There are 2 protein chains.
Amino acid sequence: MIDGFDAKLLAALQRDNQQTGAQLAEKVGLSSAACLRRAQRLREEGVIVADVSVVAPEKVGRGLTMIVLVEMERDQAELLESFKARMRAAPEVMQCWYVTGRADFVLTLTMRDMADYQAFTTRHFADPNVRGYETLVSMDAVKRTGATPVSID
Amino acid sequence: MIDGFDAKLLAALQRDNQQTGAQLAEKVGLSSAACLRRAQRLREEGVIVADVSVVAPEKVGRGLTMIVLVEMERDQAELLESFKARMRAAPEVMQCWYVTGRADFVLTLTMRDMADYQAFTTRHFADPNVRGYETLVSMDAVKRTGATPVSID
DNA sequence: GTTGAAAGGTTATTACG
DNA sequence: CGTAATAACCTTTCAAC
């Protein structure tokens, strides 16, 4: 379903999806047309789920990134779903993972400053279903590519 | 430096950066040429740092995502840098944050299975500088857009 | 300095072998 | 799949704001 050419193509597109067909052709080892046909097919198949520009938060006044571990009071399906919906709707939430382990949710937040974070916590964590939360402030975004390695099966 | 048009443009491009100039024009309220000129300027200025395709990990045999909190033995600059370099080089590491708080690093990993994770931990956490680590296994990627909200200053 | 419209050059898409 | 023709698009120019 995914061969070596697709693997190379996906690696290239995860680094830069604005390359021309000719540029992709060099890296993949196929013609321009073949590369673009494959890219289109990978999008239709849902292997590529999105194509996005990545914005530098600090360039738009969001110099503060934090990871927050949230623990819920009790794991009731309904309450979990409403919390998930709120996280999806909140623009400051870059990522939200529902996890097993000591925490129930792991959030990645992008904030203007600490006052912003203060406001966020009172607005979203005042919820009686939130037992508690722990904040980890980012000092360095060591790696934020989010790329998935693709190996031929 | 960034006006309302840029804000709209960045919002559109963070959702889909493969839209044509005409499609962007509709959403932003400027001509096609103006939108593409601005997009190019935002890239030169470093506001847009990358343009990438997003791959669905489960479609390429990576159904297991985990968040790992890593605590280092002692915060010695040299040792931290070598750990950072290793995380940057490891393909399974989608993200790596250096943080304050209970942990020193927060990693997001994409794995094929638990055996894969086992191998990863012994390879990277056997380091005598790693005091310990805690694993949170993802059950649901509630939100993974990673988009930065842009508001006019 | 930035815009919109049109010209010109480049790129993606499609048909065919 | 690759080649080549077609269609769509981006880029640049230029006059006007």
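Per chain, numbering begins at 1; letters A, B, ... match sequence-line order. Keep in mind that what you see is a predicted model, and the values were worked out from it rather than measured.
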In whole Å, I'd like the distance from the [atom1] atom of [X] to the [atom2] atom of [N].
X      : N       : atom1 : atom2 : value
R41(A) : dT14(C) : CZ    : P     : 16 Å
L42(B) : dT2(C)  : CG    : P     : 12 Å
E26(B) : dG4(C)  : CD    : P     : 14 Å
L24(B) : dT3(C)  : CG    : C1'   : 17 Å
N17(B) : dC10(D) : CG    : P     : 12 Å
Q40(B) : dT10(C) : CD    : P     : 15 Å
Q23(B) : dA8(D)  : CD    : P     : 14 Å
L36(B) : dA5(C)  : CG    : P     : 14 Å

Is a salt bridge present between R41(A) and D6(A), judged by a nitrogen-to-oxygen distance below 4.0 Å? yes
Salt bridge R102(A)-E71(A), side-chain N to carboxylate O under 4.0 Å: no
Under 3.5 Å, is there a donor-acceptor pair between the D51(A) and N17(A) side chains? yes
Please tell me whether R15(A) and T145(A) have a donor and an acceptor in their side chains that are separated by less than 3.5 angstrom. no
Do the side-chain N or O atoms of R38(A) get closer than 4.0 angstrom to the phosphate oxygens (OP1, OP2) of dC1(D)? yes
Among the candidates [options], find the nucleotide nearest to the side-chain atoms of [X].
X      : options                  : value
R37(A) : dT11(D), dC1(D), dG4(C)  : dC1(D)
T20(A) : dA5(C), dT11(D), dA12(C) : dA12(C)
A34(B) : dT14(C), dT12(D), dT3(C) : dT3(C)

In terms of the nearest nucleotide of DNA chain C, which residue is placed more toward the 5' end: A33(A) or L30(B)? L30(B)
